[in-house]
2 protein chains.
Amino acid sequence: MSRRNTEVTDQGTAPAGAGATAECPLREVLALIGDKWSAQVLVELGDGPRRFTQLERAIEGVSRRMLTLSLRNLERNGLVTRTVYADAPPRVEYATTALIEDIREPLEALSDWARHAGPAIAAARDAYDDRRGRPPAARPAPARS
Amino acid sequence: MSRRNTEVTDQGTAPAGAGATAECPLREVLALIGDKWSAQVLVELGDGPRRFTQLERAIEGVSRRMLTLSLRNLERNGLVTRTVYADAPPRVEYATTALIEDIREPLEALSDWARHAGPAIAAARDAYDDRRGRPPAARPAPARS
DNA sequence: CGGCATCCCGGCCGATACTG
DNA sequence: CAGTATCGGCCGGGATGCCG
């Protein structure tokens with residue numbers, strides 16, 4: 001007993017008035033979709049309703065476990081819907097709700113920014129690491145003098 | 001040996017070519033500012049250059065440690081600059097770079113969305129918990145400030 | 001097919017103490 | 001004022017296995 005594993009904004013995450021409730025709404029968004037997979041799930045669902053395995057293969061890298069947890073979390077917060085069809089082979093479809101319609105654009109703007117600023121960020125990071133003389137990961141083959 | 005403590009996208013996080021590098025740019029943004037404090041730091045700095053303690057008191061809830069780590073991380077990725085003045089009392093100012101100019105708006109859009117959708121999300125969560133017969137967490141103690 | 005249960009690890013994050 | 005160092009917890013999250 002005593003569940004040790006809660007994860008991904010489980011029911012104990014936001015006491016709703018306990019005092020944690022960040023005064024900054026941005027923190028709440030990040031708490032919701034700031035985890036490793038939720039945002040990507042939303043992006044995939046933005047293209048239309050998808051089945052579980054469809055998402056699993058589309059996102060690539062996500063495990064059944066995390067995908068389930070992320071979907072449950074999104075469902076709990078009313079961002080996606082879960083529909084079960086009584087077919088012979090089990091069929092479950094996930095879709096976005098009207099709530100996320102308004103964040104799709106900012107989210108894509110963020111993606112766009114990442115694409116645009118990516119190289120500059122990498123360069124900055126490289127320069128920073130070089131300045132500190134701290135190679136990120138042991139140059140594979142420095143020898144070569 | 002072998003540094004145990006790295007944290008907040010430290011130098012060991014991104015092997016820079018190891019293979020992790022998410023194919024989804026959105027993931028990269030979240031990896032950058034998706035942590036607990038970085039986004040809020042950016043928001044504060046968006047109002048203009050700030051000193052360390054200024055940020056520490058403005059954000060409220062952040063520890064020196066996490067603030068330092070977040071700032072270091074943001075600095076490393078070229079999102080903020082760190083300027084040290086040779087004053088009698090040490091004076092360090094942090095400011096945003098041109099890189100973040102393009103995400104300020106999407107970020108604010110997200111905040112705005114959170115503010116707008118917040119109640120609906122809370123309602124959905126409440127309904128979900130009620131459906132599952134799982135009360136969130138028996139208010140520990142509101143303790144009204 | 002869709003999901004849950006268990007094990008386990010690494011890293012986020014907070015509290016505390018010490019330094020220039 | 002502006003950090004840095006150390007300790008410890010808690011939880012995100014990957015791997016695996018079982019079940020309807």
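Every chain is numbered from 1, with letters handed out A, B, ... down the list of sequences. This one's a predicted model, so the numbers in the text were calculated from it and none came from an experiment.
For B:Leu45 against B:Tyr94, the heavy-atom pair with the smallest separation is CD2-O, 3.4 Å. In this structure, B:Val62 and B:Leu67 approach most closely via the heavy-atom pair CG2-N, 3.7 Å. Taking both residues in full, the closest heavy atoms of B:Asn73 and B:Leu32 are given as ND2-O, 3.7 Å, listed atom of the first, atom of the second, then distance. Across all non-hydrogen atoms, the minimal contact from B:Gly78 to B:Thr97 is O-OG1, 2.8 Å. Nearest approach of A:Ile100 to A:Leu79, heavy atoms of both residues: CG1-O, 3.6 Å. Considering every non-hydrogen atom in both B:Arg27 and A:Trp37, the closest pair reads NH1-CZ3, 3.1 Å.
In this structure, B:Arg91 places its CZ atom 8 Å from P of D:dA2, rounding to the nearest Å. Per the geometry, CG belonging to B:Leu30 stands 11 Å off P belonging to D:dG13, to the nearest Å. As a whole-Å value, the separation of A:Arg82 CZ from C:dC1 C1' is 12 Å. What separates CG of B:Leu69 from P of D:dA5 is a distance of 11 Å, to the nearest Å. One atom, CD of A:Glu75, and another, C1' of C:dG2, lie 13 Å apart when rounded to the nearest Å. The distance from atom CZ of A:Arg57 to atom C1' of C:dG2 is 13 Å, rounded to the nearest whole Å. For the pair A:Leu71 CG and C:dG2 P, the interatomic distance rounds to 11 Å; values are reported in whole Å. One can place CG of A:Leu67 at 14 Å from C1' of D:dG14, the figure rounded to the nearest angstrom.
Note on residues 95-104 of chain B: pairs passing salt bridge (Lys or Arg N to Asp or Glu O under 4.0 Å), not counting sequence neighbours, are B:Arg104-B:Glu108.
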Can you pull every protein N or O that's under 3.5 Å from an N or O on nucleotides 15-19 of chain D?
{"unit_1": "D:dA15", "atom_1": "N6", "unit_2": "A:Arg65", "atom_2": "NE", "d": "3.3"}

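Comparing the helix axis at one end of the helix from C:dC1-D:dG20 to C:dG20-D:dC1 with that at the other, each defined from 5 consecutive pairs, gives an inter-axis angle of 40° (nearest 10°).
Within the 4.0 Å cut-off from OP1 or OP2 of D:dG3, not a single side-chain nitrogen or oxygen of B:Thr68 is found. A sub-4.0 Å separation between OP1 or OP2 of D:dC1 and a side-chain N or O of B:Tyr94 is absent. Look at B:Tyr85 and you won't find any side-chain N or O under 4.0 angstrom from OP1 or OP2 of D:dA2. Within the structure, a side-chain polar atom (N or O) of A:Arg51 is placed less than 4.0 Å from OP1 or OP2 of C:dG2.
In this structure, of D:dG13, C:dG3, C:dC1, it is C:dG3 that holds the atom nearest to the side chain of A:Arg72. Listed nucleotides: D:dC1, C:dG3, D:dG3. Nearest to the side chain of B:Pro90: D:dC1. Out of D:dG13, C:dC13, C:dG3, the shortest distance to the side chain of B:Lys36 is found at C:dC13. Of the listed nucleotides (D:dG14, C:dG2, C:dC13), C:dC13 has the atom at the smallest distance from the side chain of B:Asp35. Each of D:dA2, D:dG13, C:dC13 was ranked by its minimum atom distance to the side chain of A:Met66; first place goes to D:dG13.
Side chains of B:Asp35 and B:Ser70 form a contact here, defined as non-hydrogen atoms less than 4.5 Å apart.
B:Val84 and B:Leu71 fall within a single hydrophobic cluster, where Ile, Leu, Val, Met, Phe, Trp and Tyr are joined by side-chain heavy atoms under 4.5 Å apart, directly or via other members.
A salt bridge is defined here as a Lys NZ or Arg NE, NH1 or NH2 lying under 4.0 Å from an Asp or Glu carboxylate O, and A:Glu93 with A:Arg50 fails to meet this definition.
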